[in-house]
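Right, one structure below, let's go through it.
Values below: all heavy atoms of this structure, side chains included; hydrogens, waters and symmetry mates excluded.
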Amino acid sequence: MSESAADRKARLRAMREEAEVPSKNAPDKEPQLKFRNYLPRDEELLEGQIKAAQAPEIDAITVDPTDFDDEGEEGVIAANVLPKKANFDLRRDVDKKMEKLEKRTQRAMIELMREEEERRMKDTEAEA
């Protein structure tokens, strides 16, 4: 184990020294600019322009519950895996918010009915 640790230390030391000393064979080059989202105005810089990549078109994946047998490969019933309706998960997320809104709506309706009743009572008292 100590030999492998010594070998590793020697390799790391050699890599560190190699990284610190630039290679004498490689000439100093300026970094090449690549423009993905920028259209340069200078003609010299137009060479570094990269054409925009096109995303491949993907077909929508649809699952038909009739494609499954009653029992799947691992004994999973397809009806338990697939939602009953396509927007079931959307409804699940919105249910809590809808409950709050229904309560607020009921309170507002009750308050409007009370105000209407009070207005009617004042009208009947004014007529009498």
**Message:** To the closest 0.5 Å, what do you measure between NZ (Lys9) and CZ (Arg16)?
**Reply:** 11.0 Å

Side-chain donor-acceptor pairs under 3.5 Å in residues 46-61, sequence neighbours left out?
none

**Item:** Summary of side-chain hydrogen bond (donor to acceptor under 3.5 Å, both in side chains) pairs that have at least one residue in residues 101-118, sequence neighbours excluded
**Value:** Glu116-Arg119

**Request:** Output the rest of the hydrophobic cluster of Ile110: all Ile, Leu, Val, Met, Phe, Trp and Tyr residues reachable through side-chain heavy-atom contacts under 4.5 Å, sorted by chain and number.
**Result:** Met113

